[in-house]
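Take a look at the structure below.
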Amino acid sequence: MSIIVFSGIIINTSKVITGVNYLNTTNFLEKLWEKIKSKEIQNYPRPISLHDGLAYTVQMDDQITNLLYLPYEYTGIAYSERNAGSIDIFPFYKGYIIGGFEISHGMDLYKPKTEEAVLKHMYDKSWDLHQILSQDNYSGTAADYLYKFHHICSFLKYFNSAKAIPTKTK
């Protein structure tokens, strides 16, 4: 079975789907970033609570880095905006941004887009993450981060599926 992508038309050997542009689909991790970027979520200069304290977000003083973290041990992910408007996503572990390990990279066409793909990427690269986290200044393990990363993914699954219900006015 082959799939051909040509100018927005996906051609599968079994059927043709038109009008779908898979190159611009929203990444599982980037939906929160879009809300921060559009100023729906005001997270500067103080951290704000998301969904009654399930997670927190704050924009750092450099104005290009935003953190999403769990309320315990300051562990989560860091969104770092690049000059072209794209973002890189790094682990945030025990108060440190782990710059030597990318969860998602800017305009990469092959970056993980779904929760399953993100988790697969994390497990495939867990040895590299373990090597970085086992250094003295981090004093942690990839297993500990991955456990907490599952909580971040659970929160994002809930956050991404939440819909605003308009109130009826008389």
Side-chain angles (χ1 to χ4, degrees), residues 20-82 85-99 101-126 128-130 132-133 138 140-169:
V20 179
N21 189 350
Y22 280 98
L23 300 178
N24 291 329
T25 56
T26 303
N27 185 324
F28 171 73
L29 297 173
E30 292 175 2
K31 287 184 182 180
L32 175 68
W33 168 254
E34 289 175 357
K35 290 187 181 234
I36 292 170
K37 188 78 172 165
S38 69
K39 302 295 185 199
E40 283 182 53
I41 297 174
Q42 298 286 335
N43 64 347
Y44 183 77
R46 288 180 222 82
I48 64 159
S49 168
L50 299 173
H51 294 287
D52 296 323
L54 292 176
Y56 290 85
T57 181
V58 65
Q59 186 176 45
M60 304 303 287
D61 289 332
D62 64 5
Q63 300 286 316
I64 60 170
T65 304
N66 290 273
L67 302 176
L68 170 67
Y69 60 92
L70 299 170
Y72 50 91
E73 290 193 33
Y74 296 102
T75 298
I77 55 178
Y79 298 94
S80 182
E81 186 175 15
R82 304 178 92 201
S86 65
I87 59 166
D88 293 336
I89 302 174
F90 299 100
F92 177 64
Y93 184 65
K94 294 184 178 180
Y96 292 100
I97 297 173
I98 314 300
F101 184 89
E102 290 181 334
I103 298 171
S104 180
H105 177 72
M107 302 295 276
D108 185 6
L109 296 177
Y110 302 105
K111 66 183 172 184
K113 295 192 184 324
T114 63
E115 177 187 8
E116 294 81 16
V118 168
L119 289 172
K120 181 183 181 316
H121 170 75
M122 293 299 290
Y123 280 105
D124 287 347
K125 302 292 184 181
S126 62
D128 297 335
L129 182 61
H130 177 72
I132 294 169
L133 293 179
Y138 301 124
T141 64
D144 182 41
Y145 180 77
L146 289 173
Y147 174 74
K148 293 169 184 158
F149 187 75
H150 273 280
H151 292 266
I152 287 288
C153 288
S154 296
F155 170 76
L156 285 172
K157 186 186 315 180
Y158 169 72
F159 183 83
N160 292 341
S161 68
K163 303 284 185 214
I165 300 173
T167 59
K168 189 174 186 179
T169 58

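Position 1 is the first residue of the sequence; numbering continues from there.
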Exercise for the section: Kindly indicate whether the side chain of Lys111, heavy atoms from C-beta on, has any atom under 4.5 Å from the side chain of Asn27. Expected result: yes
Chi angles and distances behind the ring-ring contact (aromatic ring centres under 6.0 Å, His included) call for Phe101, Phe90
CA-CA 6 Å; Phe101 184 89; Phe90 299 100; 9.1 Å; no
Side-chain atoms of residues 66-74: list all donor-acceptor pairs with protein atoms under 3.5 Å, sequence neighbours left out, distances to 0.1 Å.
from, atom 1, to, atom 2, distance (Å)
Asn66, OD1, Asn43, ND2, 3.0
Glu73, OE1, Lys148, NZ, 2.6
Glu73, OE2, Lys148, NZ, 3.3

Note to self: Before you tell me yes or no, could you show the steps for Asp124 and His121 under side-chain contact (heavy atoms from CB on, under 4.5 Å), namely the whole-Å CA-CA distance, both residues' side-chain angles and the distance that decides it to 0.1 Å?
What the structure shows: CA-CA 5 Å; Asp124 287 347; His121 170 75; 5.8 Å; no
Looking at side-chain heavy atoms only, is the closest gap between Pro91 and Leu129 below 4.5 Å? yes
Of all heavy-atom pairs linking Ala142 and Ser126, the shortest is CB-O, 3.5 Å
- prompt: Any side-chain heavy atom of Ile132 sitting closer than 4.5 Å to one from Ile98?
  reply: yes
Q | Exam field: side chain Ser154 to backbone His150, donor-acceptor pair closer than 3.5 Å | A | yes
With sequence neighbours left out, the residues meeting ring pair (Phe, Tyr, Trp, His ring centres under 6.0 Å) with Tyr44 are none
Residues Ile103 and Pro112: closest non-hydrogen pair is O-CG, 3.9 Å
Report yes if some heavy atom in the side chain of Tyr79 is under 4.5 Å from a heavy atom in the side chain of Ile89; otherwise report no. yes
Those residues at least two apart in sequence (or on a different chain) that pass salt bridge (Lys or Arg N to Asp or Glu O under 4.0 Å) with Glu115 are Lys157
Across all chains, not counting sequence neighbours, the ring pair (Phe, Tyr, Trp, His ring centres under 6.0 Å) partners of Tyr145 are Tyr93, Phe149
Margin query: More than 12 heavy atoms of other residues, nucleotides or ligands under 6.0 Å from OH of Tyr96: yes or no?
Written below: no
When you compare the side chain of Met122 with that of Leu146, does any pair of heavy atoms fall below 4.5 Å? yes
Rounded to the nearest 0.5 Å, the NZ atom of Lys31 sits from the NZ atom of Lys35 at a distance of 9.5 Å
Across all chains, not counting sequence neighbours, the side chain to side chain contact (heavy atoms under 4.5 Å, CB included) partners of Leu54 are His51, Phe155, Tyr158
Residues at least two apart in sequence or cross-chain that pass side chain to side chain contact (heavy atoms under 4.5 Å, CB included) with Asp62, listed by chain then number, are Met60, Ile64, Thr65
(Q) I want to check something: taking the side chain as every heavy atom from C-beta on, are Glu81 and Lys37 in contact at a cut-off of under 4.5 Å? (A) yes
*side-chain contact (heavy atoms from CB on, under 4.5 Å) between Ile48 and Thr57: does it pass, once the steps are laid out?*
CA-CA 6 Å; Ile48 64 159; Thr57 181; 3.6 Å; yes
In this structure, NE2 of His151 is separated from CG of Leu156 (nearest 0.5 Å) by 13.0 Å
Do Lys113 and Glu30 meet the salt-bridge criterion of a basic N to acidic O distance under 4.0 Å? no
| field | Any side-chain heavy-atom pair of Ile41 and Leu50 under 4.5 Å | value | yes
Any side-chain heavy-atom pair from Thr141 and His130 closer than 4.5 angstrom?
-> yes
Minimal heavy-atom distance between Cys153 and Leu119, with the atoms involved, is SG-CD2, 3.9 Å
In terms of heavy-atom contacts, Phe28 and Asn160 come closest through O-ND2, 3.1 Å
